[in-house]
Amino acid sequence: MSADGGVRVSADGGVRVSAEAGVPVGADGRAPVDAGGRAPTRGRAAYLWALPPVALLALFFLYPLALVVRQSFRPDTGGTSLQPYADVLASAAFREALWTTVWLAVAATAGCLVLGFVLALVIAFVPFPGARAVARFVDVFLSFPSFLITLALLFVYGTVGMANGAWTDLTGAAEGPFRFLTTPWGVLLAEITYFTPFVMRPLLAAFSQLDTAQLEAAGSLGARAPRIVRQIILPEALPALAAGGSLVLVLCLNEFGIVLFTGAKGVTTLPTLVYGKAILESDYPGACVVAVVNILISVGLYGLYRVVSRRARA
């Protein structure tokens, strides 16, 4: 008998119950464990701790998402029908928005991959003062909102921006030549500018783990920089490129702020089409249909991103 009234150890070394805690104990005074090596009460406690965040997730995310999906099957005439999907998918506005979304996302991803790879190469392998500070700034840049970068581009290349102002001052012209920000090319430039650091971050992490002895050996054998990059650095960077490119593709498909702040005329993507149908046209079933299609595309690409990221870490 223990001092606290609980039986800790029996004469035969068997399991007894502590009268104070009410938990089975063994001969060594410890609670028994299951086949996985965990105490049964700990498993139940883990489920209890998981309930609050799961409940909040279901209340603030899954429930509104379920409402969107339900509304997409309810036309304005009432009832439940696939007619909203038939109307939206057959419309020219949806097909144009889908095409614009896809080509902008693919083009921006390609631009981010090329520019991010070159910049990461310079930061990682070209010694210059402030290289470490630049690498840290890349991490800070990831926290910037997308509209802030677009606003900065408007200050530089906008109709009354610095570039056009300098041109009119030098030439005396009534207006400057830089008007591409209100075109799809302006949206593309803004997306490449904003999302390139999302490619650079995994590349810099991959380059930091690269064995420099291979680069030194290749250089001592007479290999030039392009060959070293092509045969040594690029193969090691492919998983990081794939992971960063997949993430950028998903983000570009769902980008709304850049398209809105550039004021690009005639550039309608799936997110802006959702906004137009819901806010401007009050076509809530149609907006929900576009939103569901956008969600399906995004979830599929996010699954691809997770697979690629897992392989990159392996």
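What's counted below: heavy atoms across the whole structure, side chains too, no hydrogens, waters or symmetry copies.
Pairing each heavy atom of A291 with each of V68, the nearest pair is CB-CG1, 4.2 Å. Nearest heavy atom pair, residue L273 against residue A93, reads CD2-O, 4.3 Å. Residues I123 and M200 approach most closely at CD1-CE, 3.6 Å, considering heavy atoms. Across all their heavy atoms, F125 and I233 have their closest contact at CE1-CD1, 3.8 Å. Across all their heavy atoms, S146 and G257 have their closest contact at OG-CA, 4.3 Å. Taking each heavy atom of A120 and L204 in turn, the nearest pair found is O-CD2, 3.8 Å.
A tilted orientation is assigned to the rings of F141 and Y194, their planes being inclined by 30° to 60°. Using the six-membered ring where Trp is involved, F137 and F144 have ring planes that are perpendicular, over 60° apart on the 30 and 60° scheme.
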Can V289 and F94 be said to form a side chain to side chain contact (heavy atoms under 4.5 Å, CB included), step by step?
CA-CA 10 Å; V289 169; F94 172 79; over 6 Å; no

Check step by step if side chain to side chain contact (heavy atoms under 4.5 Å, CB included) holds for N294 and N254.
CA-CA 8 Å; N294 203 2; N254 295 281; 3.5 Å; yes

Do L154 and T262 pass the side chain to side chain contact (heavy atoms under 4.5 Å, CB included) test, and can you show the C-alpha distance, the side-chain angles, and the key distance before you say yes or no?
CA-CA 7 Å; L154 287 174; T262 54; 5.5 Å; no

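Side-chain atoms of N164 come within 3.5 Å of backbone atoms of F178 as a donor-acceptor pair (strictly under, hydrogens ignored). No side-chain donor-acceptor contact under 3.5 Å links R74 to the backbone of P285.
Between the CD atom of E96 and the OG1 atom of T101 there is a distance of 10.0 Å, given to the nearest 0.5 Å. The CG atom of L82 sits 6.0 Å away from the CZ atom of F73 when rounded to the nearest 0.5 Å. The OH atom of Y302 lies 11.0 Å from the CG atom of L251; values are rounded to the nearest 0.5 Å.
Contact check for L241 versus V199: side-chain heavy atoms found under the 4.5 Å cut-off.
Taking a 6.0 Å sphere around CZ of R179, one finds it holds more than 12 heavy atoms contributed by other residues, nucleotides or ligands.
Each of V138, L115, V118, V114 was compared with T196 under the side chain to side chain contact (heavy atoms under 4.5 Å, CB included) criterion, and only L115 meets it.
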